[in-house]
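Below is one structure, written out as structure tokens, with a few remarks after it.
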Amino acid sequence: MTPQSAQIILDENFADWVKALDLRIQAIDADHALIRMPLADHLARVGGIVSGQALAALADTTMVLAAVAHAGEFKPFATTDLHTQFLRPGVGTAILCRAEVVRAGRALVFARCDMTEEDSGKKVATATATFYAP
């Protein structure tokens, strides 16, 4: 899977509000996915930091696409569990999210990710998720 083919999967299969995050796939293969979310006013909460809801959506989307790349084909994965830990305020030009599949079984896929500020490289949040593979 290439970044271009994964971007098409994102653009054609995800909700409009997820697409409004302007996510761009930087790298993807069977082992990981790396997505960039540019920061803008519509993603900020009080104090000018990125909102937790935007970070959770970035994490979920990146981990789903990591699961798709691991599977080698598009599957409509359903999130059954998402746990996000917010570590520090996210600021700057963009947040980078790197996700990997921890384990993939017949019905469940377990994934994790780290989100960092693009400018400073500081970790902003981390997340884990479980997905059901129909």
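In this text, all values refer to a predicted model and were calculated from it rather than measured experimentally.
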Show me the donor-acceptor pairs, under 3.5 Å and distance only, between side chains in residues 31-41 and residues at least two apart or in other chains.
| residue | atom | partner | partner atom | Å |
| --- | --- | --- | --- | --- |
| H32 | ND1 | D29 | OD1 | 3.1 |
| R36 | NE | E118 | OE1 | 3.4 |
| R36 | NE | E118 | OE2 | 2.8 |
| R36 | NH2 | E118 | OE1 | 3.0 |

Donor-acceptor pairs under 3.5 angstrom involving side-chain atoms of residues 65-73: please list them, not counting sequence neighbours.
| residue | atom | partner | partner atom | Å |
| --- | --- | --- | --- | --- |
| H70 | ND1 | A30 | O | 3.1 |

Report, one line per pair, each donor and acceptor closer than 3.5 Å where one atom sits in a side chain of residues 123-134; sequence neighbours left out.
| residue | atom | partner | partner atom | Å |
| --- | --- | --- | --- | --- |
| T126 | OG1 | C113 | O | 2.9 |
| T126 | OG1 | D114 | OD1 | 3.1 |

Just list the side-chain donor-acceptor pairs under 3.5 Å for residues 95-111, sequence neighbours left out, or say none.
| residue | atom | partner | partner atom | Å |
| --- | --- | --- | --- | --- |
| E100 | OE2 | R112 | NE | 2.6 |
| E100 | OE2 | R112 | NH2 | 2.7 |

Kindly list each side-chain donor-acceptor pair under 3.5 angstrom involving residues 54-62, sequence neighbours excluded, with atom names and distances?
| residue | atom | partner | partner atom | Å |
| --- | --- | --- | --- | --- |
| D60 | OD1 | T79 | OG1 | 2.7 |
| T61 | OG1 | A57 | O | 2.8 |
| T62 | OG1 | L58 | O | 2.8 |

Would you tabulate the side-chain donor-acceptor contacts of residues 7-24 under 3.5 Å, counting partners in other chains and residues two or more places apart, or write 'none'?
| residue | atom | partner | partner atom | Å |
| --- | --- | --- | --- | --- |
| Q7 | OE1 | I25 | N | 3.0 |
| Q7 | NE2 | D11 | OD1 | 3.4 |
| Q7 | NE2 | L23 | O | 3.1 |
| N13 | ND2 | I9 | O | 3.0 |
| D16 | OD1 | K19 | NZ | 3.4 |
| K19 | NZ | D11 | O | 3.0 |
| D22 | OD1 | R24 | NH2 | 2.9 |

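The hydrophobic cluster containing I49 also includes V91, under a criterion of side-chain heavy atoms closer than 4.5 Å among ILVMFWY residues, counted directly or through chains of members.
Under the 4.5 Å side-chain criterion, counting only non-hydrogen atoms from C-beta, T93 is not in contact with E117.
We find the CZ-OG distance between F74 and S5 to be 12.5 Å, quoted to the nearest 0.5 Å.
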